[in-house]
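Heads up: the structure comes next, in structure tokens.
Here is how names work: the chains are called A, B, and so on, in the same order as the sequence lines, proteins then strands, and each is numbered from 1. It should be emphasised that the depicted structure is a prediction, and the values quoted were computed from it without experimental measurement.
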There are 2 protein chains.
Amino acid sequence: MSNRNTELPSCSSNVVHEEIVARVNEEMPREESLYDLAELFKVFGDTTRVKILYALFAAEMCVCDIAALLNMSQSAISHQLRVLKQARLVKFRRQGKVVYYSLDDDHVKQIFDQGLTHINELA
Amino acid sequence: MSNRNTELPSCSSNVVHEEIVARVNEEMPREESLYDLAELFKVFGDTTRVKILYALFAAEMCVCDIAALLNMSQSAISHQLRVLKQARLVKFRRQGKVVYYSLDDDHVKQIFDQGLTHINELA
DNA sequence: TGTTCATATGAATAAATGTTCATATATAAT
DNA sequence: ATTATATATGAACATTTATTCATATGAACA
């Protein structure tokens, strides 16, 4: 994912609508926000992680429970929980040997619901 | 702790909280919805595509404009527009040699705004 | 102490993905 | 027709990523 900064564009510039490009450029959010946004959605862009988050919408669960629910290995779940943890989407508490995970964010559900709305309207 | 041994996965099942797993399993959306949702977010999970969509929030634009705006090759933009087209997030119209792209969805902006809200509250 | 068990993690592997390069397609103009 | 130009697309390449396997960590308990 490299972004070289060469100078002018690829098309011959009499086709580029300079005013529009300039105006849109003004209205674009900061580069960093766009990057962070893509990073957030990247976390949501995996079936396993989506399933884990939906599971945690319903209840706090231990790693073992989640693995059982999704019929996947403990290791796979643990790796993905780490991703969710790093994105600050889940939190956890330890109780003896067992680690319980739960949601650490209020927006996820809303974002997912919006996404489902979009999907359902396509169908 | 009484426990049947179903032949579920990885951890020894006396730790799995069967009732919780069963209940959560009931509440999970259909497998297909979860898959589609992840696919949708996968589309949002790339900086270039996020930028393109934000650009189209502001105005209808031709491929050349977008390439100029983002300082990227026409080919790269065209490839990504194809992904957005397949996800039915953008539509286009042809006018002579120029193809103009615009948004084909009302939810994207809302989803993105939710995402930005999330990000900003982390900061 | 040593054992057991739930979870975490590093390394390896396979699969997916974004960009570039070269080229094809489609439209307009000469 | 021929040329020019805006866009699309296939192949190649590099990079990222999800899972597995083996093993480490950390807590309870005999």
Side-chain angles (χ1 to χ4, degrees), chain A residues 1-6 8-17 21 35 38-39 41-52 60-87 90-101, chain B residues 1 3 5 8-17 21 35 38-39 41-52 60-68 70-87 90-101:
Chain A
M1 282 191 263
S2 55
N3 266 347
R4 266 179 308 162
N5 258 350
T6 55
L8 268 178
S10 26
C11 317
S12 52
S13 55
N14 62 332
V15 177
V16 176
H17 311 73
V21 173
Y35 178 82
E39 287 302 301
F41 287 131
K42 209 170 283 182
V43 175
F44 295 154
D46 174 80
T47 311
T48 301
R49 288 191 293 266
V50 166
K51 287 178 183 171
I52 293 175
E60 175 188 70
M61 294 180 89
C62 73
V63 179
C64 201
D65 288 342
I66 301 173
L69 175 69
L70 305 187
N71 235 307
M72 293 181 65
S73 74
Q74 173 270 320
S75 180
I77 300 300
S78 197
H79 277 295
Q80 297 301 353
L81 282 170
R82 190 156 66 98
V83 175
L84 294 171
K85 219 187 306 179
Q86 283 168 341
V90 300
K91 57 179 190 270
F92 63 98
R93 68 184 174 88
R94 180 153 217 147
Q95 185 176 298
K97 278 175 288 192
V98 182
V99 177
Y100 291 93
Y101 282 83
Chain B
M1 318 273 174
N3 251 330
N5 244 344
L8 276 178
S10 25
C11 319
S12 51
S13 55
N14 63 333
V15 177
V16 176
H17 310 75
V21 173
Y35 178 82
E39 287 303 302
F41 288 131
K42 209 170 283 181
V43 175
F44 295 154
D46 174 79
T47 312
T48 300
R49 288 191 294 266
V50 166
K51 287 178 184 172
I52 292 176
E60 175 188 68
M61 294 180 88
C62 72
V63 179
C64 201
D65 288 342
I66 301 172
L70 306 186
N71 235 308
M72 292 181 64
S73 74
Q74 173 270 320
S75 179
I77 299 301
S78 195
H79 277 296
Q80 297 302 354
L81 282 170
R82 189 156 67 101
V83 175
L84 294 172
K85 218 187 306 179
Q86 282 169 342
V90 300
K91 58 178 189 273
F92 63 96
R93 66 182 175 90
R94 179 152 218 146
Q95 186 177 296
K97 279 177 286 191
V98 182
V99 177
Y100 292 93
Y101 282 84

To the nearest Å, how far apart are [X] [atom1] and [N] [atom2]?
X        : N      : atom1 : atom2 : answer
B/Gln86  : C/dT17 : CD    : P     : 11 Å
B/Arg94  : C/dT25 : CZ    : P     : 13 Å
B/Glu39  : D/dT17 : CD    : C1'   : 14 Å
B/Tyr100 : D/dA8  : OH    : P     : 13 Å
A/Ile77  : D/dT20 : CD1   : P     : 9 Å
A/Leu81  : D/dA18 : CG    : P     : 13 Å
B/Asp46  : D/dT17 : CG    : C1'   : 14 Å
A/Phe92  : C/dT9  : CZ    : P     : 9 Å

Exercise. Under a 4.5 Å cut-off applied to non-hydrogen side-chain atoms, are A/Phe41 and B/Arg49 in contact?
Worked result: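 Side chain of A/Phe41 against side chain of B/Arg49, heavy atoms only: no contact under 4.5 Å found.
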
Problem set entry | Side-chain touch B/Met72/B/Lys51, heavy atoms, less than 4.5 angstrom |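 The answer is no; the side chains never approach within 4.5 Å.
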
What heavy-atom pair brings [X] and [Y] nearest, and what distance separates the two atoms?
X       : Y       : answer
A/Ala38 : B/Thr47 : CB-N, 3.6 Å
A/Lys42 : B/Gly45 : CE-O, 2.9 Å
A/Leu81 : A/Val90 : O-CG2, 4.2 Å

Exercise. Is there a side-chain polar atom (N or O) of A/Thr48 under 4.0 Å from OP1 or OP2 of D/dT19?
Worked result: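 Answer yes for this pair, as a side-chain N or O of A/Thr48 is under 4.0 Å from OP1 or OP2.
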
Exercise. Does B/Ser78 make a side-chain N or O approach to OP1 or OP2 of D/dT7 shorter than 4.0 Å?
Worked result: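 No, outside the criterion.
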
Can a donor-acceptor pair under 3.5 Å be found between the side-chain atoms of [X] and the base atoms of [N]?
X       : N      : result
A/Ser75 : D/dC21 : yes
A/Gln74 : C/dA8  : yes
B/His79 : C/dT17 : no

Exercise. With a non-hydrogen cut-off below 4.0 angstrom, is A/Tyr101 in contact with a base, only sugar-phosphate, or nothing?
Worked result: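 The residue A/Tyr101 makes sugar-phosphate contact but no base contact.
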
Exercise. Toward the 5' end of DNA chain D, which comes first, A/Arg49 or A/Lys97, by nearest nucleotide?
Worked result: A/Arg49

Exercise. Where the side chain of B/Cys64 is defined as all heavy atoms beyond and including C-beta, which of C/dG18, D/dT7, C/dA8 is the nearest nucleotide?
Worked result: D/dT7

Exercise. So which nucleotide from C/dT9, C/dT19, D/dT7 ends up closest to the side chain of B/Val98?
Worked result: D/dT7

Problem set entry | Heavy atoms of other groups near A/Tyr100 OH, more than 12 under 6.0 Å |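 For A/Tyr100, atom OH is crowded (more than 12 foreign heavy atoms under 6.0 Å).
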
For this session: Just report the end-to-end axis angle for the helix from C/dT1-D/dA30 to C/dT30-D/dA1, five pairs per end, to 10 degrees.
Result: 10°

Exercise. Who are the side-chain hydrogen bond (donor to acceptor under 3.5 Å, both in side chains) partners of A/Lys85, not counting sequence neighbours?
Worked result: A/Tyr101

